[in-house]
Undergrad: 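Handing you this structure, nothing more for now.
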Amino acid sequence: MNLHDPERADALAGEYVLGTLRGRARQRLERLARTDRIVADAVRGWEERLLPLAEALPPIAPPSRVWAAILARIRSAATAPRARSLLWAPAGWWRGLALVGLATSLALAIALLKPGAEAPEGTLVVVLAGGDAKPALVATAVRTSRYLAIKAIAPVAVAPDRSLQLWMLPETGNPRSLGLVSTIAPAGVARIELPAAADRTLQNIPALAISLEPAGGSPTGLPTGPVLYTGPVQRLY
Amino acid sequence: MQSDPAKQLERNARLMELLARTALADQQAFAELYRLTSPHLYAVALRILREAAPAEEVLQESFVNIWHHAGSYVAAKSQPLTWLTSIVRNRCLDQLRRRELETVTMDDEEEGVAIAAEDPTPLEMLLSGADTRAVRGCVEALEPTQKQAIALAFFQGLSHSELAQHLRQPLGTVKSWVRRGLERLRDCLDRAGVTR
């Protein structure tokens with residue numbers, strides 16, 4: 001591929017954006033576009049010409065699990081403090097947690113749950129964080145038990161005509177409801193009954209999420225409201 | 001999305017603002033950006049990959065990437081939706097390439113290429129996507145064979161050999177349809193001042 005010939009470079013950039021340039025030729029052009037201004041400009045020119053044509057496609061709403069998965073991923077990667085969600089109380093000792101990252105806050109959360117003790121052997125722990133990556137709730141279950149205990153470590157306020165619903169986010173497929181999280185007073189604990197032992201129920205479930213739903217829960221069986229908190233399932237065994 | 005130029009300007013300004021706020025880690029802006037653009041981008045991915053699961057995966061990867069790299073979007077250089085579309089399309093094409101690598105070794109006998117049967121056809125979309133008069137004129141000025149080859153490659157992600165198979169033409173013929181079609185489209189659009 002001779003890219004010193006601008007005509008040739010432009011033709012290849014056109015095929016690159018169109019999508020017919022494949023294999024190694026595609027990778028090579030991609031690499032060159034990062035370092036060579038002429039190639040980069042040629043690619044941009046073709047993107048301007050061709051990509052607006054894609055707007056003719058009839059839009060299709062993606063399933064809600066895509067957004068839930070995106071949120072779970074950007075939150076677990078979050079290190080910087082984020083804008084405060086409206087549901088968050090403005091003050092409290094836990095605000096400092098924003099800076100310490102999820103791994104540390106996991107340890108903190110465990111310490112909070114069992115003051116002075118490590119998490120017991122064979123426990124599943126999920127630290128659920130809100131939009132600002134601050135832990136808000138911690139869900140724990142002994143792996144053989146059929147209960148999940150959810151403890152609020154930050155104030156969680158819900159309007160009377162709304163419910164919080166807990167979801168399992170499987171690796172593939174739709175979120176599955178675990179039920180409603182009854183209003184939790186600060187430092188209160190909600191218990192959620194599981195269909196089977198915790199380690200079986202949460203097998204192949206990388207994350208949990210809590211969404212805001214109409215009172216009584218989602219009418220559709222899938223999350224309909226905003227996802228307020230998400231967190232990865234940690235297996236301490 | 002919309003074809004009204006005034007609405008398009010307004011939409012672009014909004015998307016630029018959302019991208020700028022996303023670059024500052026504003027999750028609400030990011031959610032709004034997702035709400036406004038994901039149906040369009042999902043349709044792009046679904047057309048090329050033809051199955052929901054890989055299209056969802058590409059959309060997820062793309063938006064995680066957008067969240068981390070919104071700051072590298074340079075407003076002066078391309079339209080926001082063009083930038084977002086290029087991220088999604090490039091990931092789709094990468095995935096097609098990986099699939100090709102996997103299947104080539106398994107069997108040399110290529111299967112028939114399934115084209116989504118639902119309306120509109122790639123050709124109709126090529127024409128309706130050309131929403132300003134100049135762009136439409138340029139698309140219409142292509143030879144019918146060029147138009148069809150470009151539409152199938154662009155919307156369905158067909159490679160040269162898939163095009164040859166689908167259009168029942170020799171590989172060389174199809175390649176030259178694509179090459180000449182692109183040249184003609186570029187010359188016409190540049191003359192009309194649509195780009196550059």
Side-chain angles (χ1 to χ4, degrees), chain A residues 7 10-24 26-27 30 40-41 43-63 65-75 77-83 85-86 130-133 172-173 226-227, chain B residues 1 25-28 30-31 34 38-40 42-44 46-48 52-53 55-56 59-60 63-64 67-68 77-79 81-82 85-86 89-90 93 96-97 100 120 124-131 135 139 150 153-155 157-160 163 178-179 182-183 185-186 189 194-196:
Chain A
E7 280 280 306
D10 194 64
L12 285 167
E15 299 240 350
Y16 170 78
V17 176
L18 183 68
T20 47
L21 194 71
R22 296 287 171 96
R24 260 184 240 150
R26 183 171 187 84
Q27 289 175 305
E30 217 156 54
D41 285 347
V43 169
R44 196 174 310 115
W46 279 107
E47 283 177 347
E48 272 171 47
R49 289 181 200 107
L50 296 179
L51 298 190
L53 294 170
E55 293 182 32
L57 283 172
I60 303 169
R65 60 176 168 266
V66 177
W67 176 241
I70 293 167
L71 269 189
R73 284 184 55 189
I74 66 174
R75 281 172 187 174
T79 46
R82 293 281 146 81
S85 145
L86 289 176
D132 43 12
T172 54
V227 172
Chain B
M1 288 188 165
D26 178 338
Q27 221 168 79
Q28 271 179 9
F30 182 58
Y34 180 85
S38 62
H40 168 71
Y42 185 55
V44 168
L46 209 49
R47 270 282 166 169
I48 296 175
E56 285 175 29
L59 194 65
Q60 184 188 323
F63 270 92
V64 170
W67 171 251
H68 292 296
K77 290 200 170 169
S78 55
Q79 299 296 334
L81 197 59
T82 300
T85 306
S86 76
R89 274 182 59 91
N90 285 338
L93 293 165
L96 286 185
R97 194 188 62 215
E100 279 160 17
E124 286 163 356
M125 288 186 296
L126 189 63
L127 284 169
S128 65
D131 53 11
V135 180
V139 170
I150 286 179
F154 184 70
F155 287 107
L158 298 199
S159 64
H160 282 135
L163 282 174
V178 170
R179 195 182 61 240
L182 283 177
E183 278 169 17
L185 200 56
R186 179 197 60 202
L189 287 173
V194 173
T195 47
R196 298 285 168 90

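As the structure is a computational prediction, the values presented were derived from the model and not from experiment. Per chain, numbering begins at 1; letters A, B, ... match sequence-line order.
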Undergrad: For the CD atom of A:E55 and the OG1 atom of B:T85, what is their distance to the nearest 0.5 Å?
TA: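 The CD atom of A:E55 sits 6.5 Å away from the OG1 atom of B:T85.
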Undergrad: For the atom pair OH (A:Y16) and CG (B:N90), what is the distance rounded to the nearest 0.5 Å?
TA: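 That separation rounds to 3.5 Å.
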Undergrad: Checking side chain to side chain contact (heavy atoms under 4.5 Å, CB included) for the pair A:R26/B:L93: CA distance, chi angles, key distance, verdict?
TA: CA-CA 10 Å; A:R26 183 171 187 84; B:L93 293 165; 3.2 Å; yes
Undergrad: Taking C-beta and beyond as the side chain, do A:L71 and B:Q27 meet within less than 4.5 Å on heavy atoms?
TA: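 Yes, close enough: below the 4.5 Å cut-off.
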Undergrad: Under 4.5 Å from any heavy atom of chain A, what part of B:L185 do you find: side chain, backbone, both or neither?
TA: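 Interface part for B:L185: side chain.
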Undergrad: Looking only at heavy atoms, which two atoms of A:W46 and B:L182 are closest? And how far apart?
TA: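 Scanning both residues, the minimum pair turns out to be CH2-O, 3.1 Å.
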Undergrad: When you look at A:L57 and B:L46, which way does the side chain to side chain contact (heavy atoms under 4.5 Å, CB included) test go after all the steps?
TA: CA-CA 10 Å; A:L57 283 172; B:L46 209 49; over 6 Å; no
Undergrad: Atom CG in A:L51, atom CG in B:L81: separation rounded to 0.5 Å?
TA: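 Here the rounded value is 9.0 Å.
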Undergrad: How long is the gap from CD on B:Q60 to CD1 on A:I74, to the nearest 0.5 Å?
TA: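 Atom-to-atom, B:Q60:CD and A:I74:CD1 are 11.0 Å apart.
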Undergrad: If you measure from CG on A:L53 to CD1 on B:I150, what distance do you get to the nearest 0.5 Å?
TA: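 One gets 9.5 Å once the value is rounded to the nearest 0.5 Å.
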Undergrad: Taking side chain as everything from C-beta outward and backbone as N, CA, C, O, which of these in B:A31 sits under 4.5 Å from a heavy atom of chain A? Side chain, backbone, both or neither.
TA: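 When you check distances to chain A, atoms from both the backbone and side chain of B:A31 fall under 4.5 Å.
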Undergrad: OG1 of A:T20 to CZ of B:F154: how many Å apart, nearest 0.5 Å?
TA: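 It comes to 11.5 Å.
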Undergrad: Go through A:P62, A:G19, A:G14, A:P59 and name the one with the most non-hydrogen pairs under 4.5 angstrom from chain B.
TA: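 Max contact count across the listed options: A:P62.
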Undergrad: Ignoring hydrogens and angles, tell me if any N or O in the side chain of B:R97 forms a donor-acceptor pair with the backbone of A:R22 under 3.5 Å.
TA: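 No; judged by distance alone, with no hydrogens or angles, the pair does not exist.
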Undergrad: Which atoms form the tightest heavy-atom contact between B:V178 and A:E15, and what is the distance?
TA: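 The pair with the smallest heavy-atom distance is CG1-OE2, 3.6 Å.
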Undergrad: For residues A:P63 and B:Y42, determine if any side-chain heavy atom of one lies less than 4.5 Å from a side-chain heavy atom of the other.
TA: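 SC-SC contact between A:P63 and B:Y42 confirmed.
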Undergrad: For B:R89, is it the side chain, the backbone, both or neither that has a heavy atom under 4.5 Å from a heavy atom of chain A?
TA: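 For B:R89, the contact with chain A is made by the side chain alone.
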